[in-house]
Amino acid sequence: MGITEQILDYQLEHGVFENAAFSGAEGIAKRAVAEGFDTLSTKQKSVLDPYLSKTCSGVTDPGGHHNECTAELEGEALLDAYHQCDDTECLVCESCNSDEGYYAHQWDKISQE
């Protein structure tokens with residue numbers, strides 16, 4: 001199974017298509033997972049295209065400053081973001097994920113002092 005199919009499979013398992021603007025999006029995604037994304041027609045692919053990239057949600061540092069990250073998550077980066085985040089609407093890029101871990105580590109150090 002390719003990256004695109006893995007992304008769609010993850011989205012299906014986590015209800016991403018439940019509130020889709022086009023009610024047939026879930027069925028198209030299921031077909032893409034079962035038969036391969038490349039077997040879809042151009043119109044079917046265009047229905048799924050908005051689900052195959054997301055903008056990073058960014059992170060907020062301990063001082064309350066949000067970094068306003070605008071990195072586009074696609075392909076393997078998107079799949080990794082889905083696996084690292086609990087919320088399918090709040091995905092972060094590798095850099096923001098690293099920053100978030102650093103902030104948590106620093107907070108732990110401060111809390112222990």
Side-chain angles (χ1 to χ4, degrees):
M1 183 180 308
I3 295 293
T4 302
E5 291 84 358
Q6 290 178 54
I7 291 168
L8 294 169
D9 189 47
Y10 183 93
Q11 291 172 336
L12 286 165
E13 289 175 11
H14 291 85
V16 170
F17 297 100
E18 288 177 4
N19 296 317
F22 175 66
S23 61
E26 184 173 356
I28 296 170
K30 286 179 181 178
R31 179 173 175 211
V33 170
E35 299 176 19
F37 184 76
D38 291 335
T39 66
L40 301 179
S41 70
T42 303
K43 287 184 180 182
Q44 290 171 322
K45 288 178 182 178
S46 69
V47 169
L48 296 181
D49 278 343
Y51 297 95
L52 298 177
S53 68
K54 300 286 180 190
T55 303
C56 176
S57 297
V59 294
T60 303
D61 67 20
H65 173 73
H66 191 273
N67 69 352
E68 303 298 330
C69 183
T70 58
E72 278 297 309
L73 301 168
E74 300 175 318
E76 206 164 319
L78 178 59
L79 186 59
D80 289 345
Y82 274 126
H83 288 295
Q84 293 172 3
C85 297
D86 295 331
D87 182 358
T88 59
E89 295 295 317
C90 186
L91 302 175
V92 295
C93 67
E94 184 178 333
S95 177
C96 288
N97 189 45
S98 177
D99 288 348
E100 198 169 44
Y102 174 74
Y103 298 149
H105 173 72
Q106 291 299 321
W107 184 251
D108 286 344
K109 281 178 66 174
I110 291 169
S111 297
Q112 291 175 4
E113 291 178 0

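Just so we're clear, the structure is a prediction, and the values are computed from it rather than from any experiment. Along the sequence shown, the residues carry numbers beginning at 1.
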Test side chain to side chain contact (heavy atoms under 4.5 Å, CB included) applied to Lys45 and Asp38, step by step: CA-CA 8 Å; Lys45 288 178 182 178; Asp38 291 335; 4.1 Å; yes
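- Closest heavy-atom contact between Lys43 and Ser46: O-OG, 2.7 Å.
- Here the CD-CG distance, from Gln11 to Leu78, works out to 6.5 Å after rounding to the nearest 0.5 Å.
- Within the 4.5 Å cutoff, side-chain heavy atoms of Leu73 are placed close to those of Cys93.
- Under the 4.5 Å side-chain criterion, counting only non-hydrogen atoms from C-beta, Ile3 is not in contact with Phe37.
- Rounded to the nearest 0.5 Å, atoms OG1 (Thr60) and CG (Asp99) are 11.0 Å apart.
- Counting only distance, with no hydrogens or angles, the side chain of Tyr82 and the backbone of Tyr10 share no donor-acceptor pair below 3.5 Å.
- Atom CG of Leu79 sits about 10.5 Å away from atom CG of Leu8, to the nearest 0.5 Å.
- Residues Glu5 and Val33 approach most closely at O-CG2, 3.6 Å, considering heavy atoms.
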Give the C-alpha distance, both sets of side-chain angles, the deciding distance and a yes or no for side chain to side chain contact (heavy atoms under 4.5 Å, CB included) between Cys85 and Val92. CA-CA 8 Å; Cys85 297; Val92 295; 4.0 Å; yes
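- More than 12 heavy-atom neighbours from other residues, nucleotides or ligands sit within 6.0 angstrom of CG on Asp87.
- Counted within 6.0 Å of CD on Glu13, heavy atoms from surrounding residues, nucleotides or ligands total more than 12; the atom is thus considered enclosed.
- Under the 4.5 Å side-chain criterion, counting only non-hydrogen atoms from C-beta, Leu52 is not in contact with Glu74.
- Criterion: ILVMFWY side-chain heavy atoms under 4.5 Å apart, direct or through other members. Under it, Leu91 and Val16 are part of a common hydrophobic cluster.
- Remark: the backbone N or O of Met1 is paired with a side-chain donor or acceptor of Gln6 at under 3.5 angstrom.
- In this structure, Glu72 and Thr55 have side chains that are in contact, with non-hydrogen atoms separated by less than 4.5 Å.
- Here NE2 of His14 is found 10.0 Å from CG of Asp9. Values are rounded to the nearest 0.5 Å.
- A donor-acceptor contact shorter than 3.5 Å is absent between the side chain of Glu68 and the backbone of Gly58.
- Atom CD1 of Ile7 and atom CG of Asp80 lie 9.5 Å apart (nearest 0.5 Å).
- For the residue pair Ala21 and Tyr51, the shortest heavy atom distance occurs at N-OH, 4.3 Å.
- Distance check: Arg31 CZ to Ser41 OG gives 7.5 Å after rounding to the nearest 0.5 Å.
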